[in-house]
Amino acid sequence: MSSNPIDSPPTAHSVSPFPVHSRLLLVDDEPLILEGLSRLLTARNYDVVTANGGRAALVAIGKQQFDVILLDLGMPDLNGNEVLRFIADRGIDTPVIVVSGESAIDAAIRALRGGATDFVRKPYEPEELLRRIDNTLIQRRLERENNHILQRLQQSEKWHRFLVNSSPDFIYTLDVEGRFTFVNDRVESLLGYRRDDLLGQHYSLLVHEDDLGRAEHIFNERRAGDRSVRNQEIRLKCNPGMRRPRLMNGLCKSVELTATGMYDEQASAFEQRFIGSYGVAKDVTERKQAEETVHYQAYHDLLTGLPNRALFRDHLGLMLAQARRNQQPLAVLSLDLDHFKVINDSLGHTVGDELLLAVSARLRQCLREGDTLARLGGDEFAVLLPTLVSRSDVEHICRKITQALSKPVHVKGHEVYISVSIGACVTPEDGEMIDSLIRQAEIAMYQAKSRGRSRLQFWESGMQAPYSERMQIEADLRRALVHNEFVLFYQPQVDALSGEVRGFEALLRWWHPQRGMLSPGEFIPVAEEAGIIVPIGDWVLNQTCAQIAAWRAAGLPPVRVSINISARQLETPDFVETVMRALQVYSLDGKQLELEITESLLMRDFESNAIKLGRLSASGIRLAIDDFGTGYSSFKYLSRFPIHTLKIDQSFIQELDREENVSIVNAMVAMGRGMHLNVIAEGVESEAQLLRLQQMQCHEIQGYYYSPPVSAHEASELLSHSMRGFARGDRLATG
Ligand code: C2E
Ligand code: CA
Ligand code: CA
């Protein structure tokens, strides 16, 4: 243990054999003696101070410190014993050698009792006196050194005790038998035991039952030095009888343990004598809990707490091996709720989540102890039935599931009916590979769905996975640009009073080779998700600019055209440049182009958008807030953007007959006007709506009442007539 810092003694200064320049005080009332003595000692290199009586001695002692005092006893003014008393009373620790002519032994005894260190009789041999002085000085020096060492030892022990006790780790020593001989204070806050309760107790009192074997192994090894046990994880039990402080949030603490064997250093090198162990236990409970949480999250679905796909795969792997050994069939089911998306979209995610919870609880009730129910994602569940007799067992369980789900689920005041489509495959006939079993069950489930939902379908070889509609659209979209399948339609924006065409909104259409004309709602979300919206948006921008240029070339009056900008587009770093370039290519005035952006999109990346739109606005390009009223609707924020147009969302316009909407729209128009914005009402379908909006002094109207979005050719016609304007009843038929 000599390498242990706790044991290394504080370094002692070496004692110098002969004190140099020691300062002596000589006290005697005989001037001759005083002088002779002084000469003798000065010659020997001592610093000498003389006092010719007791009083003079007191004055000298009060003034400075001496290493030795040579004191006469019989003095007229104040005798030697009185000087000794003075020295003792003041606690002065200078050694005093009494030098006296008194021959009586009791004089010497009295002086020594009074605190003198030595007694020399006059007359003395000078050498004898010098030897006595030197001895006293050496003695004195040694004493000082010892005191110093002692103090340092005490200090260092205090220091180590402090370190040990304030350590964040639990520090212990055990005796040969494994009983605690020392524990630090930390044990109280860590495990709720008082130090005294543990001393003398066997360590097994603290070790969790399941870890006893490991602990025994650790301590029995009795390893020392480099081989000592390090970072072994075990669990320690908290004091069950103790009311635990809040910090101790469990019955157990996980610790990382070190243990080092201690051996008797006195014993010979051949027979090492084990005398116990010492070590440190570091609390790693929080880290363990964090690890467990991470582990749990990696293997469970957080909404339902069910195993996720990863854990399901693990279980399936284990059960497959077991099923093979026992030559028993095993089934994998894939379950998908029917029409869940509709419920989720119409009633909201909270209701959707509650429904999933309710469904998973009902599914659980249909299964047995050893079965595994997992949520693979969304509304898709999987079940592992590890012990089967036959396929009819699967059918039986699926009937139970269907029945359990047939009763409506009540969530948040809604009565929801739900059904489930189930696909199943059974080993060993359907293969024995983990992933292909899951995949096959899923394919069978899709089949069940396409065959009318709410049913069970076993996998059959040759079944093909359906290409999902979304994936199909995505694949087709990538082709659409190349094959020129997009067209723009234009919907006029008409002056609310005069009926003149003020502008158009360009709206995208897709001529799908198989499915006919698709409206943006059917493909824009997919295009956005797949990132294809950026090249599509570029196409819309360029096509629009080309159209404006074409109208100009045809001599039609200049008109403003607005295009819709999606999030992904606005986020591209070169968005501003792309727009400017398009204007340049067709030599257009920025005023003719308007960008429609929704409020929520603006707010997504406020600062960066403000910069981009500021640059665009500086070159004359107009900015419209689309679908106003459905998003943030904060005029305060909007005022930070260079906006020209406010487009009131059609949901407000179409319900203008509801009184509350009247006042909302009224306020929006008024505020828009107040901010000098061009206010457009979208989705105007009836004359009544038009009249209302006219009263509110809304600037422009866009909607089926005047015209649906029309082809570029029809738009040209409209433009050429626009001088005439729309007279009431002269509008295009809605189509
Ligand atoms: P939006 O920007 O709000 O466009 C207005 C939508 O309302 C258009 O639907 C239009 O046909 C429809 N509409 C116009 N008047 C009336 C009316 O009186 N009654 C009713 N019920 N609807 C009316 P559309 O063309 O189907 O476009 C839907 C959405 O798709 C647009 O909403 C816009 O957000 C998006 N979109 C359209 N074209 C593009 C485009 O080129 N790029 C991007 N990123 N999005 C586009
Ligand atoms: Ca729009
Ligand atoms: Ca709109």
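Atoms within a ligand are numbered from 1 in the order they appear, just like the ligands themselves. These numbers were taken from a predicted model, which means no experiment stands behind them.
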Return yes when atom [atom1] of [X] has more than 12 non-hydrogen atoms of other residues, nucleotides or ligands closer than 6.0 Å, and no otherwise.
X      : atom1 : value
Met433 : CE    : no
Gln403 : CD    : no
Tyr299 : OH    : no

Below 4.0 Å from any atom of ligand 1, is there a heavy atom belonging to [X]?
X      : answer
Lys647 : no
Val540 : yes
Gln702 : no
Gly537 : no
Gln654 : yes

May I ask you to identify the nearest protein heavy atom to [atom], giving residue, atom name and distance to one decimal place in Å?
atom                    : answer
atom 36 (N) of ligand 1 : Pro520 CB, 3.9 Å
atom 38 (N) of ligand 1 : Leu508 N, 3.2 Å
atom 7 (O) of ligand 1  : Gln650 NE2, 2.7 Å

Compare every heavy atom of Asn542 with every heavy atom of Ala582, then report the nearest pair and how far apart it is.
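Looking at all heavy atoms of both residues, the shortest contact is CB-OD1, 3.8 Å.
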Closest non-hydrogen atom pair between Gly503 and Val559, with its separation
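Heavy-atom minimum between the residues: CA-CG2, 3.6 Å.
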Do you know which N/O/S atom name in Glu505 is closest to the Ca ion (ligand 2)?
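Going by distance to the Ca ion (ligand 2), the closest N, O or S atom in Glu505 is OE2.
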How is the N/O/S atom of [X] that comes nearest to the Ca ion (ligand 3) named?
X      : answer
Glu682 : OE1
Asp627 : OD1
Asp626 : OD1

I'd like to know if atom 32 (O) of ligand 1 has any protein heavy atom within a distance of less than 4.0 Å.
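No, there is none.
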Is atom 11 (O) of ligand 1 near the protein, in the sense that some protein heavy atom lies at less than 4.0 Å from it?
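Under the 4.0 Å cut-off, atom 11 (O) of ligand 1 does have protein heavy-atom neighbours.
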When you check the gap from the basic side-chain N to the acidic O, do [X] and [Y] get nearer than 4.0 Å?
X      : Y      : value
Lys412 : Glu354 : yes
Glu571 : Lys612 : no
Arg478 : Glu474 : yes
Lys449 : Glu380 : no
Arg615 : Glu577 : yes
Lys647 : Asp627 : no

In terms of atom number and element, which parts of ligand 1 are under 4.0 angstrom from non-hydrogen atoms of [X]?
X      : result
Glu682 : 3 (O), 5 (C)
Glu685 : 17 (C), 18 (O), 19 (N), 20 (C), 21 (N)
Gln491 : 14 (C), 15 (N)
Pro709 : 11 (O)
Ile524 : 43 (C), 45 (N), 46 (C)
Ser566 : 44 (N)

Below a 4.0 angstrom heavy-atom separation, can you tell me which part of Asp626, side chain or backbone, both or neither, approaches ligand 1?
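Under 4.0 Å from ligand 1, Asp626 contributes side-chain atoms alone.
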Can you tell which part of Leu488 has a heavy atom less than 4.0 Å from ligand 1: side chain, backbone, both or neither?
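Near ligand 1, Leu488 shows nothing, with every heavy atom at 4.0 Å or more.
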When you compare the side chain of [Y] with that of [X], does any pair of heavy atoms fall below 4.5 Å?
X      : Y      : value
Val561 : Glu594 : no
Arg502 : Arg560 : yes
Asp649 : Phe628 : no

Do any nitrogen or oxygen atoms of Glu505 lie less than 3.5 angstrom from nitrogen or oxygen atoms of ligand 1?
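Indeed, backbone or side chain, Glu505 has an N or O that close.
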Say whether Leu507, considering both its backbone and side-chain N or O atoms, lies within less than 3.5 Å of an N or O atom on ligand 1.
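No: no nitrogen or oxygen of Leu507 is under 3.5 Å from one in ligand 1.
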Rounded to 10°, how big is the angle at the Ca ion (ligand 2) from Glu596 OE1 to Asn564 OD1?
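Here the angle at the metal atom is close to 90°, to 10°.
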Checking Glu485 against Arg509 for the salt bridge (Lys or Arg N to Asp or Glu O under 4.0 Å) test, could you report, in this order, the C-alpha distance in whole Å, the side-chain angles of both residues, the deciding distance, and whether it holds?
CA-CA 9 Å; Glu485 291 168 6; Arg509 302 287 179 265; over 6 Å; no
Given Phe486, Tyr704, Tyr706, Phe523, which one has a non-hydrogen atom that is nearest to atom 18 (O) of ligand 1?
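Answer by nearest heavy atom: Tyr704.
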Option of least heavy-atom distance to atom 45 (N) of ligand 1 (set: Asp627, Val684, Thr544, Asn564):
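Going through Asp627, Val684, Thr544, Asn564 one by one, Asn564 has the nearest heavy atom to atom 45 (N) of ligand 1.
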Classify the angle between the aromatic ring planes of Phe486 and Trp539 as parallel (below 30°), tilted (30 to 60°) or perpendicular (above 60°).
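Tilted: the ring planes of Phe486 and Trp539 meet at 30° to 60°.
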